[in-house]
S.K.: 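A single structure is presented below for examination.
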Amino acid sequence: MAEDKKLTKRDEDFAAWYNEVVQRAELADYSPVRGSMVIRPWGYGIWERMQRALDEMFKETGHENAYFPLLIPMSYIEKEKDHIEGFAPELAVVTQGGGKELDEPYAIRPTSETIIYAMYAKWVQSYRDLPILLNQWANVMRWEMRTRLFLRTAEFLWQEGHTAHASAEEAKEETLLILGIYRRFMEDWMGMPPLTGLKSESEKFAGAERTYTLEALMQDNKALQAGTSHFLGQNFARQFDLKFQSEEGQEEYAWNTSWGVSTRLVGGLVMTHGDDDGLVLPPRLAPVQAVVVPILRGDDGPVLEKTDEVASRLRGAGVRVKIDARDHLSPGAKYYEWERKGVPYRVEIGPRDLEKGQVALARRLTPEGAKRKEFLPEGQAIAELPDRLEAFQVELKGSALARREAHTVRGVESIDELEEALAGGAGFVFTGWNGDPSVEDEIKDRTKATLRVLPGEEFRSAETPTRCVSGEGASTAEVAWARAY
RNA sequence: CGGGACGUGGCGCAGCCCGGUAGCGCACUGCAAUGGGGUUGCAGGGGUCGCCGGUUCGAAUCCGGCCGUCCCGACCA
């Protein structure tokens, strides 16, 4: 592997820094398949922790997992007009099978609404069959023009939830329930607090009535759409004949929702917390929370024994621990490696510590912190580590939130001012908006910023804007603009 | 698909202008020492120079065509 000593500085070239971090932390690598990546064990370990946390939250709220096929008949995708318009340019299509041309080509799923609602239509007869609350963990494929590891790849892993309900109200509640779950997950597990709210008409999902989004701010002040939750109305139900007989005996179309987050979250994590030395992982998602490095010299027996003992006591305290006893690497080389990989705590045990009954601790929260050792009595270090990890988690979230707020500009009243704010390092810029898509076009042309979200109530400014940022007409909603991934 | 750049051991590059036995750094293997912030020394292994064709006694180098990748735009979880 290429091992230049220093990473590109985060502030110098964010994109280059990002790529280096992802590759040198061994999260992922480019594959021979166009636009597709290989997720390596360290990266997959993070995704696995994410999966586990989300899966639990879905199940707590009554959802179940299921699996639907990878291939979807083209005719299904074509049924919903907006849906096919949105996805046609990025479909990968299978036209042969068994050495023969297929009568009907199959699309490799870009998302599974169509095949899932076609199946729901078979399963649902009565209101008693509703709601259906299913989720699937799967891969999907979108033939993207330009790709970046985790952020935009042709194939990616995600979860997609698809529900069917007897009433619009219930479906809307579901959409918001999931939005809340995503938000909690991003805040409490990832330490990546997003703005949440509605997408504008022009940014919503192909085939949805409403799209709720979670927009997180990265360290280069660009926004990342980190997840979405859609209220689909009866759009798909009508096309797939997903009907039920109501309590009153009427035949009605079901109401659907769909929602998803993807391995893009791993990229978001990198761009939210990484620094000049590499990755910084929130302890709850770190595959390894503490690495124990024995300092070897000559007579290693006692040191290795102590290392094992400390590691197993830490495991007993619920800490995910890895021992790094490789003897062809110097301790310093190991430190740098684990720093690049973002392990929150390092525990060092050497002969001197053995004599004094102590261990050295270093924490990855900052580059300086990772280099400052704190010597603690062994027992105290073990007892305190779980709490310290939790504190680490809280601090990460706090600093990400502080950064988001510090780069949020409110009360902007003209496009000139918006442009200025962005040039001055703003992330999210809040303005009034008259609801006209042409304002979105104009702002995009002039500033490259897009309307990220119509923020939910808790994010809106104390003083509600009255005029549209374009100067044309009254504001019908406060909105947040940003340049985005 | 429009604009720009680049294809040489695993990675990063030099060599090309001016044709003559393919080089450097990192990584890798072995041995020895070292070991509390990227450790030394010695000895090694590994490359059809993107592909096809042309010119030439001779092509990584010159010429033609093709393919691929990356960056900037339009799309996107």
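By convention in this document, chain letters (A, B, ...) are assigned in the order of the sequence lines, proteins followed by strands, and residues within each chain are numbered from 1. Values below: all heavy atoms of this structure, side chains included; hydrogens, waters and symmetry mates excluded.
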S.K.: Expressed as a whole number of angstroms, how long is the span from A:Leu354:CG to B:G36:P?
M.R.: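 Spelled out: CG on A:Leu354 to P on B:G36 is 17 Å.
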
S.K.: Going by atom types only, do A:Glu440 and A:Ser202 share a side-chain donor-acceptor pair under 3.5 Å?
M.R.: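 Per modelled atom types, A:Glu440 and A:Ser202 side chains form a pair under 3.5 Å.
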
S.K.: Among pairs that include at least one residue of residues 283-298 of chain A, which meet side-chain hydrogen bond (donor to acceptor under 3.5 Å, both in side chains), considering only residues two or more places apart or in two chains?
M.R.: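 Residue pairs passing side-chain hydrogen bond (donor to acceptor under 3.5 Å, both in side chains), neighbours aside: A:Arg284-A:Glu390.
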
S.K.: Output, in order, the C-alpha distance, side-chain angles, deciding distance and verdict of side-chain contact (heavy atoms from CB on, under 4.5 Å) for A:Val288 and A:Val321.
M.R.: CA-CA 6 Å; A:Val288 172; A:Val321 175; 5.9 Å; no

S.K.: Taking only the C1' atom of each, what is the distance from B:C18 to B:G9 in whole angstrom?
M.R.: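 To the nearest whole Å, 27 Å.
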
S.K.: What about A:Arg152: does its side chain form a donor-acceptor pair under 3.5 Å with the base of B:C76?
M.R.: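 Flag set: donor-acceptor pair detected.
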
S.K.: The criterion is ring-ring contact (aromatic ring centres under 6.0 Å, His included); which residues satisfy it with A:Trp255, sequence neighbours excluded?
M.R.: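 Residues passing ring-ring contact (aromatic ring centres under 6.0 Å, His included) with A:Trp255: none at all.
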
S.K.: Give none if B:U29 has no partner; otherwise give the nucleotide forming a Watson-Crick or G-U wobble pair with it, both distances under 3.5 Å.
M.R.: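 Partner of B:U29: B:A43.
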
S.K.: With sequence neighbours left out, what residues match A:Arg184 under side chain to side chain donor-acceptor pair (under 3.5 Å)?
M.R.: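 Side chain to side chain donor-acceptor pair (under 3.5 Å) list for A:Arg184, sorted by chain: empty.
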
S.K.: Expressed as a whole number of Å, how far does the P atom of B:G3 sit from that of B:A22?
M.R.: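 Going atom to atom, P in each nucleotide, I get 39 Å.
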
S.K.: Using the C1' atom on both, measure B:U56 against B:C63 and round to a whole Å.
M.R.: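 So the two C1' atoms sit 12 Å from each other.
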
S.K.: Would you kindly give the CD-to-P distance between A:Glu160 and B:C76, to the nearest whole Å?
M.R.: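 After rounding, the gap between these two atoms is 18 Å.
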
S.K.: Please give, in whole Å, the distance from B:G36 P to A:Asp327 CG?
M.R.: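 Atom-to-atom, A:Asp327 to B:G36, this comes out as 14 Å.
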
S.K.: At a heavy-atom distance below 4.0 Å, what parts of residues 44-56 of chain A sit against RNA chain B?
M.R.: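 Hits under 4.0 Å, by residue number: none.
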
S.K.: Whole Å only: how far is the NZ atom of A:Lys199 from the P atom of B:A77?
M.R.: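 So the two atoms are 8 Å apart, to the nearest Å.
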
S.K.: Applying the Watson-Crick and G-U wobble criteria at under 3.5 Å, what pairs with B:C75? Answer none if nothing qualifies.
M.R.: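 Check on B:C75: unpaired, no WC or wobble geometry under 3.5 Å.
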
S.K.: Among side-chain atoms of A:Lys199 and A:Gln225, is any donor-acceptor pair under 3.5 angstrom?
M.R.: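 Short answer, yes.
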
S.K.: What integer number of Å spans the C1' atoms of B:U21 and B:U34?
M.R.: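 Straight-line distance between the two C1' atoms is 40 Å.
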
S.K.: State the pairing partner of B:G9; accept Watson-Crick or G-U wobble contacts with both distances under 3.5 Å, and report none otherwise.
M.R.: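 No nucleotide pairs with B:G9.
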
S.K.: Of all the nucleotides listed (B:C76, B:G37, B:G36), which has the minimum atom distance to the side chain of A:Lys371?
M.R.: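 Ranking B:C76, B:G37, B:G36 by closest atom to the A:Lys371 side chain puts B:G37 first.
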
S.K.: Could you check how far CD1 of A:Ile295 sits from C1' of B:U39, rounded to whole Å?
M.R.: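 In whole Å, B:U39 C1' lies 14 Å from A:Ile295 CD1.
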
S.K.: B:G35 pairs with which nucleotide, Watson-Crick or G-U wobble, both distances below 3.5 Å?
M.R.: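 Per the H-bond distance test, none.
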
S.K.: Is it the case that A:His407 and A:Gln219 place a side-chain donor and acceptor less than 3.5 Å from each other?
M.R.: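 Result is no, nothing qualifies.
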
S.K.: Side chains of A:Asp55 and A:Asn65: do they bring a donor and an acceptor to under 3.5 Å?
M.R.: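 There is such a pair (donor and acceptor under 3.5 Å, judged by atom type) between the side chains of A:Asp55 and A:Asn65.
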
S.K.: Please list, chain by chain and in numerical order, all residues satisfying ring-ring contact (aromatic ring centres under 6.0 Å, His included) with A:Trp143, sequence neighbours excluded.
M.R.: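 ring-ring contact (aromatic ring centres under 6.0 Å, His included) list for A:Trp143, sorted by chain: empty.
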
S.K.: Rounded to the nearest Å, what distance is computed from the CZ atom of residue A:Phe14 to the P atom of nucleotide B:C71?
M.R.: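 Result: 15 Å.
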
S.K.: In a check of side chain to side chain donor-acceptor pair (under 3.5 Å) between A:Thr163 and each of A:Asn135, A:Thr257, A:Thr175, which one passes?
M.R.: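 Testing each of A:Asn135, A:Thr257, A:Thr175 against A:Thr163, the sole residue satisfying side chain to side chain donor-acceptor pair (under 3.5 Å) is A:Thr257.
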
S.K.: What integer distance in Å separates A:Leu296:CG from B:A33:P?
M.R.: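 Taking atom P of B:A33 as the reference, CG of A:Leu296 is at 15 Å.
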
S.K.: Can you find a donor-acceptor pair, distance only, under 3.5 Å between A:Arg372 side chain and B:G37 base?
M.R.: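 Per atom types, no contact qualifies.
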
S.K.: Can you sort out which residues in residues 329-339 of chain A have a heavy atom within less than 4.0 Å of RNA chain B? Ascending by number, please.
M.R.: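 A:Leu329, A:Ser330, A:Pro331, A:Gly332, A:Ala333, A:Tyr335, A:Tyr336, A:Glu339 - these, ordered by number, are the residues of the stretch whose heavy atoms sit under 4.0 Å from the strand.
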
S.K.: When you compare the side chains of A:Thr450 and A:Arg452, does any donor N or O come within less than 3.5 Å of an acceptor on the partner?
M.R.: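 A:Thr450 vs A:Arg452: donor-acceptor pair found between side chains.
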
S.K.: Rounding to an integer number of angstrom, what distance separates B:U55 and B:G64 when you compare their C1' atoms?
M.R.: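 Those two atoms are separated by 11 Å.
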
S.K.: Given the P atoms of B:G15 and B:G20, what is the spacing between them in whole Å?
M.R.: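 That atom pair is separated by 14 Å.
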
S.K.: Measure from the side chain of A:Arg352, starting at C-beta and using heavy atoms only, and say which of B:G37, B:C75, B:G36 lies closest.
M.R.: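 For A:Arg352, the side-chain atoms sit closest to B:G36.
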
S.K.: Is A:Arg326 touching bases, backbone alone, or none of the nucleic acid, heavy atoms closer than 4.0 Å?
M.R.: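 Nothing: the residue A:Arg326, judged by heavy atoms under 4.0 Å, touches no strand.
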
S.K.: Listed by chain and number, what are the side chain to side chain donor-acceptor pair (under 3.5 Å) partners of A:His162, not counting sequence neighbours?
M.R.: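 Applying side chain to side chain donor-acceptor pair (under 3.5 Å) to A:His162 gives A:Tyr117, A:Glu160.
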
S.K.: For A:Glu144, which contact category applies under a 4.0 Å heavy-atom criterion: base, sugar-phosphate, or nothing?
M.R.: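 Base, at least one base atom sits under 4.0 Å.
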
S.K.: Give me the residues of residues 440-456 of chain A where at least one heavy atom lies under 4.0 Å from an atom of RNA chain B, by number, or none.
M.R.: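 Contacts with RNA chain B under 4.0 Å: A:Lys444, A:Lys448.
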
S.K.: My understanding is that a pair needs two contacts under 3.5 Å, Watson-Crick or G-U wobble. By that rule, which nucleotide pairs with B:G19?
M.R.: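 By the stated definition (distances under 3.5 Å), nothing pairs with B:G19.
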
S.K.: Looking across every strand, which nucleic acid part, if any, lies under 4.0 Å from A:Ala360 by heavy atom: base, sugar-phosphate, or nothing?
M.R.: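 Base: the residue A:Ala360, judged by heavy atoms under 4.0 Å, touches a nucleobase.
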
S.K.: Could you let me know what B:C51 is paired to, Watson-Crick or G-U wobble, both distances under 3.5 Å, or none if it's on its own?
M.R.: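 Matched B:C51 with B:G65 under the 3.5 Å cut-off.
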
S.K.: Under 6.0 Å between ring centres, would you say that holds for A:Phe156 and A:Trp158?
M.R.: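 Under 6.0 Å, so yes.
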
S.K.: Knowing that exactly one of A:Ile349, A:Leu354, A:Thr307 qualifies, which makes a side chain to side chain contact (heavy atoms under 4.5 Å, CB included) with A:Pro302?
M.R.: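 It is A:Leu354; the other options fail the test.
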
S.K.: Applying ring-ring contact (aromatic ring centres under 6.0 Å, His included), can you list everything that pairs with A:Phe58, at least two apart in sequence or on another chain?
M.R.: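 Residues passing ring-ring contact (aromatic ring centres under 6.0 Å, His included) with A:Phe58: A:Trp259.
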
S.K.: Taking the P atom in each of B:G46 and B:C24, what is the distance between them to the nearest angstrom?
M.R.: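 About 14 Å, rounded to a whole number of Å.
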
S.K.: Work out how far the C1' atom of B:U61 is from that of B:G23, and round it to whole angstrom.
M.R.: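 One C1' to the other, the span is 15 Å.
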
S.K.: Give, ordered by number, those residues of residues 255-280 of chain A having at least one heavy-atom distance below 4.0 Å to an atom of RNA chain B; if nothing qualifies, reply none.
M.R.: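 Nucleic-acid contacts, sorted: A:Ser262, A:Arg264.
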
S.K.: Determine all donor-acceptor pairs shorter than 3.5 Å in which one atom belongs to a side chain in residues 147-155 of chain A; sequence neighbours excluded.
M.R.:
{"unit_1": "A:Thr153", "atom_1": "OG1", "unit_2": "A:Glu155", "atom_2": "O", "d": "2.7"}
{"unit_1": "A:Glu155", "atom_1": "OE2", "unit_2": "A:Asn139", "atom_2": "ND2", "d": "3.0"}

S.K.: Hey, which sits more toward the 5' end of RNA chain B by its nearest nucleotide, A:Ala484 or A:Arg297?
M.R.: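 Result of the comparison: A:Arg297.
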
S.K.: Suppose we screen for ring-ring contact (aromatic ring centres under 6.0 Å, His included). Which residues come up paired with A:Phe205, at least two apart in sequence or across chains?
M.R.: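 Testing A:Phe205 for ring-ring contact (aromatic ring centres under 6.0 Å, His included), a comparison that skips the adjacent residues, returns A:His83, A:Phe87, A:His230.
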
S.K.: Could you give the CG-to-P distance, from A:Asp29 to B:G10, as a whole number of Å?
M.R.: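 A:Asp29 atom CG is separated from B:G10 atom P by 14 Å.
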
